[in-house]
There are 2 protein chains.
Amino acid sequence: MRIGELSKRTDAPVRMLRYYEEQGLIHSERLANGYRDYEDYTVDRVRQIRGLLDVGLPTRIIKQILPCLNSPRTIHMPYVTPDMIATLEDERDRMAEKIECLTKNHRAINDYLDAVSHEVRTVPAAGDSARPAGQP
Amino acid sequence: MRIGELSKRTDAPVRMLRYYEEQGLIHSERLANGYRDYEDYTVDRVRQIRGLLDVGLPTRIIKQILPCLNSPRTIHMPYVTPDMIATLEDERDRMAEKIECLTKNHRAINDYLDAVSHEVRTVPAAGDSARPAGQP
DNA sequence: TCAAAGGGTGACATCAATGTGAAGGTCAAA
DNA sequence: TTTGACCTTCACATTGATGTCACCCTTTGA
């Protein structure tokens, strides 16, 4: 597929697809006329990339991580250097920390929203309802 | 405490502490000489901020979220607008997505590392061990 | 009293992820 | 054949989180 379709299917700006390619995160063949031509699986790959970016990983890391997550492993096994492994272990641990942080705060927000919705159901007809906006 | 100590205790560059203050994420009193003076709880606050930043949330959002997570709730309850609630709900959902993304990829990396360590224990004395670096 | 350490503000630099626009090629449909 | 949609590369702008430097003030200890 060409870049426009990929963009539509992944909801990523065309500009970004070219950028990801420049960063070595995705790959394209070229048609006779020079247009980029993507394989179908690129759609999933781009979605994954966007997810990882959104979650705070830089392209530099994503580039290292990706090949270990998508491709048939047997292909990549033999190429893995101790260095790579160390990087992956590091990143895995950092991800664990992030998950913990997110989970904690997610729960906190949830609790807060719960409490608020309680309040809303409990207090509404009460006294000082005179503060519509956020300015104290 | 003054900014230097806060910096040491949170491992955040002084520069960043001033930046967080500028963004309204933390607050300081001023000593007679103009030096910033932080309350003790700021240490935790800064740690939380750094965690959230690391996890991909922008200061803009953190600023909205923070007051709901730290302070005694009763103080903040009455000020909550439907707008705020909507923002929080949105952000909560986005965090859930992020957690899912991270969890999935974390597991994948883990599986991969498992598999690799297996290989390492199984294949080492095998054939084509001639590719030390990462260049195909 | 002078130096060093720590603070303050302000401004400019950087890096990564994006936006945006210019200038030009390809192709299909009117 | 011309128009419009889609593609190319190149380049400059922007935004957010940082780094860094310049210049000045305060406190403390030799």
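Quick note on labels: first sequence line is chain A, next is B, and so on, each numbered from 1. All values below come from the heavy atoms of this structure, side chains included, with hydrogens, waters and symmetry mates left out. The structure displayed is predicted, hence computed values, not measured ones.
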How about A/R15 and A/Y20: does a side-chain donor come under 3.5 Å of a side-chain acceptor?
->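 Distance-only check fails for A/R15 and A/Y20.
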Once you round it to whole Å, what is the distance between [atom2] of [N] and [atom1] of [X]?
X     : N      : atom1 : atom2 : value
B/E21 : C/dG7  : CD    : P     : 13 Å
A/E5  : D/dC6  : CD    : P     : 12 Å
B/I61 : D/dG16 : CD1   : P     : 12 Å
B/L25 : D/dG16 : CG    : P     : 13 Å
A/I49 : C/dA17 : CD1   : P     : 11 Å
A/D54 : C/dA16 : CG    : P     : 19 Å
A/E22 : C/dC15 : CD    : P     : 15 Å
A/I26 : C/dA17 : CD1   : P     : 14 Å

Nearest to the side chain of A/M16 - C/dT18, D/dA17, D/dC7?
-> C/dT18
Out of D/dC7, C/dT9, C/dT18, whichever nucleotide has its closest atom nearest the side chain of A/I3 = D/dC7
Given that B/R18 and A/P58 both sit by DNA chain C, which one's nearest nucleotide is further toward the 5' end?
-> B/R18
Closer to the 5' end of DNA chain C via nearest nucleotide, is it A/Y19 or A/N33?
-> A/Y19
State whether [X] places a side-chain N or O below 4.0 Å from either non-bridging phosphate oxygen (OP1 or OP2) of [N].
X     : N      : result
B/T59 : D/dA17 : yes
B/R30 : D/dT26 : no
B/R60 : D/dG16 : no

Consider only side-chain heavy atoms of I, L, V, M, F, W and Y, link residues closer than 4.5 Å, and tell whether B/I85 and B/L57 are in one cluster.
->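 Yes.
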Do B/Y19 and B/Y35 sit in the same hydrophobic cluster, where Ile, Leu, Val, Met, Phe, Trp and Tyr count as joined when their side-chain heavy atoms come under 4.5 Å apart?
->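 Result: no, two separate clusters.
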Stepwise, does the side chain to side chain donor-acceptor pair (under 3.5 Å) test hold for B/Y38 with B/E21?
-> CA-CA 11 Å; B/Y38 296 98; B/E21 184 169 331; 3.3 Å; yes
Can you find an N or O donor on one side and an acceptor on the other, under 3.5 Å apart, linking the side chain of [X] with the base of [N]?
X     : N      : answer
A/Y35 : C/dG25 : yes
B/R15 : D/dT20 : yes
B/R2  : C/dG7  : no

Cationic N near anionic O, under 4.0 Å, B/R45 to B/E39 | no
